[in-house]
Structure formats: structure tokens, C-alpha cells
Amino acid sequence: MMKIYRYGEVSNDEIFARPDMKTGVEDVVADIISNVRARGDEALFEYCRKFDKAELTTLEVSEAEIDEAFDVIGDFRRVLERAAANITKFHEKQLRNSFIINDEDGIVMGQKVIPMDKAGLYVPGGTAAYPSTVLMDAVPAKIAGVGELVITTPPGPDGKVNPYVLAAAKVAGVDRILKVGGAQAIAALAYGTETVPKVDKIVGPGNAFVAEAKKQVFGIVSIDMIAGPSEVLCVADAKSDPRHVAADLLAQAEHDKNASAVLVTDSMELAEQVAAEVDRQLKTLPRTEIATASIENNGKIIVADDLRQAIDIANEIAPEHLELHMDNPFDYLDAVRHAGSIFMGRNCPEPLGDYFAGPNHTLPTLGTAKFSSPLSVDDFVKKTQYTYYTRDALSRVYEDIADFADHEGLHGHARSIRSRFEDDPE
């Protein structure tokens with residue numbers, strides 16, 4: 001049964017404990033990256049044989065394979081297209097405009113918003129193939145105007161890529177799809193090979209090897225985040241249906257044995273009902289082994305004095321997904337400061353956001369919602385600023401600038417400014 005804590009009666013260390021994220025794969029990943037840098041495609045084919053049990057003659061997914069994928073998925077294409085439309089509608093609102101300021105004589109300043117030239121999307125394969133992640137990562141990149149959008153994803157032993165992933169990539173407008181998985185895919189995107197282009201940014205989830213590879217290549221390329229296990233925190237009042245709350249907790253618990261499912265409530269009665277309901281539902285959940293381990297490792301129920309205190313606890317945990325099980329969730333929205341994505345009310349379970357609603361599901365985990373944000377169009381653009389002064393405009397301020405530089409001990413900076421006026425014939 002899920003552990004129940006009354007807030008204030010146990011240490012905060014127990015209340016706010018997080019999963020241990022040590023993986024011990026650093027050296028293995030470093031070797032893979034080094035090998036890919038040195039041997040390029042040859043290393044990728046070798047790793048494909050070793051890890052994916054697939055013999056490939058090309059890394060590229062062909063148009064024929066994509067057409068075949070659409071045949072396989074049938075009517076599910078309609079679902080992909082509806083989800084993509086919702087995601088597009090939401091993310092188009094995130095577009096930033098360049099700006100210019102010229103309200104003083106002789107001075108022009110501005111900022112250009114420029115899409116990245118190339119971006120790489122990593123998509124897991126096998127049983128963890130997520131076409132939803134393809135849409136969530138690719139649609140914002142296309143809206144941003146990325147020049148070339150590339151997916152890397154591992155093939156199965158038959159050399160084929162999951163058809164739902166292929167179809168989602170086509171719906172989202174991905175330019176190329178490459179049959180490469182694991183840390184070797186991240187290395188290839190970061191450094192480039194004969195087939196895989198070197199990109200400016202890598203986004204997308206993966207296992208411990210993928211996460212470690214992203215960490216090691218950061219600085220050579222940009223990355224979205226180092227994602228931890230999936231998390232949900234439900235704030236629920238006494239009127240909440242324990243069946244729904246338990247189902248929402250288990251929806252995250254089934255992701256991973258390290259996933260975190262937490263309930264914070266103002267009702268001990270609801271806490272006990274949800275704990276019993278989780279036990280009941282676990283017995284019939286297909287991924288019961290994974291979900292049971294998650295609940296035993298990281299599941300907890302915290303009983304707060306009231307819902308305001310429950311929100312304070314949620315802010316301290318800063319969960320990836322925050323559900324507000326109450327009739328008046330908008331009354332509490334302003335009080336929520338730290339969460340990746342907020343699901344409002346009794347009819348807004350987190351899977352709605354995973355697949356369909358429109359807001360992004362690539363979210364900060366492990367408390368990083370205190371300082372980072374969901375994946376967005378902003379992740380695929382960069383800003384460049386510019387400044388223009390006429391001589392007259394510079395003459396009005398050059399003494400202040402030189403004085404500033406002198407006070408910092410950077411006399412060359414001061415000379416750079418003063419040299420334009422010291423021998424002024426006027």
C-alpha cells in the first residue's frame with residue numbers, strides 16, 4: 001500500500017525525497033561517443049548489429065517504408081493529424097517577433113529571432129516507441145522554421161522502424177528519418193557522420209545511455225534537458241473520486257520503476273481510499289510489475305492541513321505534471337509557481353496532455369521546473385542583437401562609457417571609445 005504521511009509529523013527529507021539517478025554508464029557512453037567520432041557510419045552499423053540485432057545496408061528510412069507505415073496504421077492517421085493540429089494551434093502562439101528600437105536620434109537597436117539551421121530529434125524504439133513525442137518535438141521545431149529536422153530512432157531486428165513513429169514523423173513534417181538508436185545516435189547528431197548531419201540542438205527522451213550521452217555532448221550542441229523519470233503530483237480535495245486519482249497516479253507509475261506518483265490532499269479519508277484503490281487497480285494493470293515497483297519506490301500520499309498548504313508542498317516538489325482535482329482549480333492557479341504542466345479540474349487527466357490537448361509533454365523533471373520550462377518554439381530559435389550609433393549619438397555618451405571602462409580597469413576599452421574624439425578637428 002502507498003505510504004501515507006501527515007505533513008509536519010515526518011521530516012521534510014522523507015516528504016521531498018527524490019529517486020537516485022546515478023546510472024554508472026558514464027565510461028561506456030564516453031567510449032561509444034569516441035568510437036562514433038572516429039569511425040562514423042561504420043561504428044553506427046556495428047552498434048546496430050550489436051544492440052538492435054539488425055543488419056542494415058543504409059541508415060536512411062525510404063519513402064516506400066513511410067508509405068508502408070501509413071498502410072499499417074490505417075485510421076490512426078486521423079488521430080495523429082488531429083493531435084498535430086492541436087499541438088500546432090498551441091505552439092503557434094509561442095512565436096516571437098524580432099524588434100527594433102529607434103526612438104533616439106542616431107541610435108538604432110534591435111533583436112533578430114533566427115531559427116536553428118539543423119535540429120535532431122531522438123525517438124526511443126521498441127516497446128518504448130512514442131509517436132506522441134515525435135509530434136511534441138517536431139511540430140514546435142517546424143513552427144520555429146528549423147532548416148533541417150532529423151529524427152534518429154532505433155530499428156527492430158527486421159531493420160524496420162516502428163510504423164507509428166514513421167507516420168507521426170511524416171505528419172509533423174520531419175525532413176529525414178535515420179535508423180540509429182542509443183548513445184551512438186546522440187554522438188552522431190553531435191559530431192556528424194557520413195550519413196547523419198551534425199545538428200545544432202538535440203531534443204527527445206531516452207534511456208540512461210541516451211541521457212548520459214546528451215549530458216556529455218552538451219556544449220558541442222545544445223540539448224533540451226536531461227530528463228529524469230516521469231512524475232505526477234495530484235492535489236485532490238475531499239470530494240475527489242478515489243478511483244480517478246488512483247488511475248491518474250498509476251498512469252505515471254507504469255512508465256518506469258523510478259517514476260514518481262504523489263498525492264497531496266487535505267483529507268485523510270481520501271488518502272486511505274486512494275491507497276486502497278491503487279492496490280486494487282494494480283492487480284489488473286498490464287504493466288503491473290513496473291507500476292508496483294514505482295509505487296513501492298517513490299509513491300507517497302501526503303496529508304496537508306488544507307489545499308493552500310497542499311499547493312505549497314507541490315511548489316516545493318516542483319513536479320513534471322501537476323493535477324488539480326477540485327471544482328475551482330482556477331482559484332489556485334496563481335498560487336502554483338513550480339510545475340512543468342498543470343492539469344486543471346476533475347476532467348483533465350494527464351494523458352490528455354500526453355497525446356492530444358496541445359501543450360507540450362516534454363517537461364522538466366526532478367524539481368527542475370523551478371528554473372526551466374516545457375519544450376517550446378523558443379527551444380528551436382536563437383536571438384541575435386544589434387546596435388547602431390551615429391557619431392553624434394556616440395559623442396553624447398562617450399565620456400560616460402570611457403569612465404565606466406576606467407572604473408573596471410579596462411583602459412583599452414576606454415581608449416577604444418576616446419580615440420574617436422581625441423583628435424577631433426572640430
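- Between the side chains of Y122 and D137, not a single donor N or O lies within less than 3.5 Å of an accepting N or O.
- Counting non-hydrogen atoms of neighbouring residues, nucleotides and ligands closer than 6.0 angstrom, the CZ atom of F209 reaches no more than 12 such neighbours.
- Side-chain contact check for D117 versus V146: every heavy-atom pair is 4.5 Å or farther apart.
- A side-chain donor-acceptor contact under 3.5 Å links D237 and S240.
- At a threshold of 4.5 Å between non-hydrogen side-chain atoms, the residues L135 and Y355 do not count as touching.
- Side-chain contact between E55 and R49 is present, with at least one heavy-atom pair separated by less than 4.5 Å.
- Note on ring orientation: taking the six-membered ring where Trp is involved, the planes of Y130 and H255 are perpendicular (angle over 60°, cut-offs 30° and 60°).
- The side-chain contact (heavy atoms from CB on, under 4.5 Å) test with M225 is passed by exactly one of T365, L363, T368, T362: T362.
- Interatomic distance, R243 CZ to E277 CD, rounded to the nearest 0.5 Å: 7.5 Å.
- Residues V235 and L322 meet the side-chain proximity criterion, which asks for heavy atoms closer than 4.5 Å.
- Side-chain contact between F70 and V171 is present, with at least one heavy-atom pair separated by less than 4.5 Å.
- Looking at K198 and L189, their side chains never come closer than 4.5 Å, going by heavy atoms from C-beta outward.
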Validation: residues 215-223 side-chain donor-acceptor distances under 3.5 Å, sequence neighbours left out:
unit_1, atom_1, unit_2, atom_2, d
Q216, NE2, E26, O, 3.0
Q216, NE2, E212, OE2, 2.8

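- For the pair E148 and R176, the salt-bridge criterion is met [side-chain N within less than 4.0 Å of a carboxylate O].
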(request) List the steps, then state whether side chain to side chain contact (heavy atoms under 4.5 Å, CB included) holds for I100 with K112. (result) CA-CA 9 Å; I100 186 169; K112 292 174 60 180; over 6 Å; no

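- The shortest distance between side-chain heavy atoms of V264 and C234 does not fall below 4.5 Å.
- There is a side-chain donor-acceptor pair under 3.5 Å between N360 and H91.
- Side-chain contact of S230 with Q252: a donor-acceptor pair under 3.5 Å is present, judged by distance alone.
- Between K179 and D52 no salt bridge is recorded (no basic side-chain N to carboxylate O distance below 4.0 Å).
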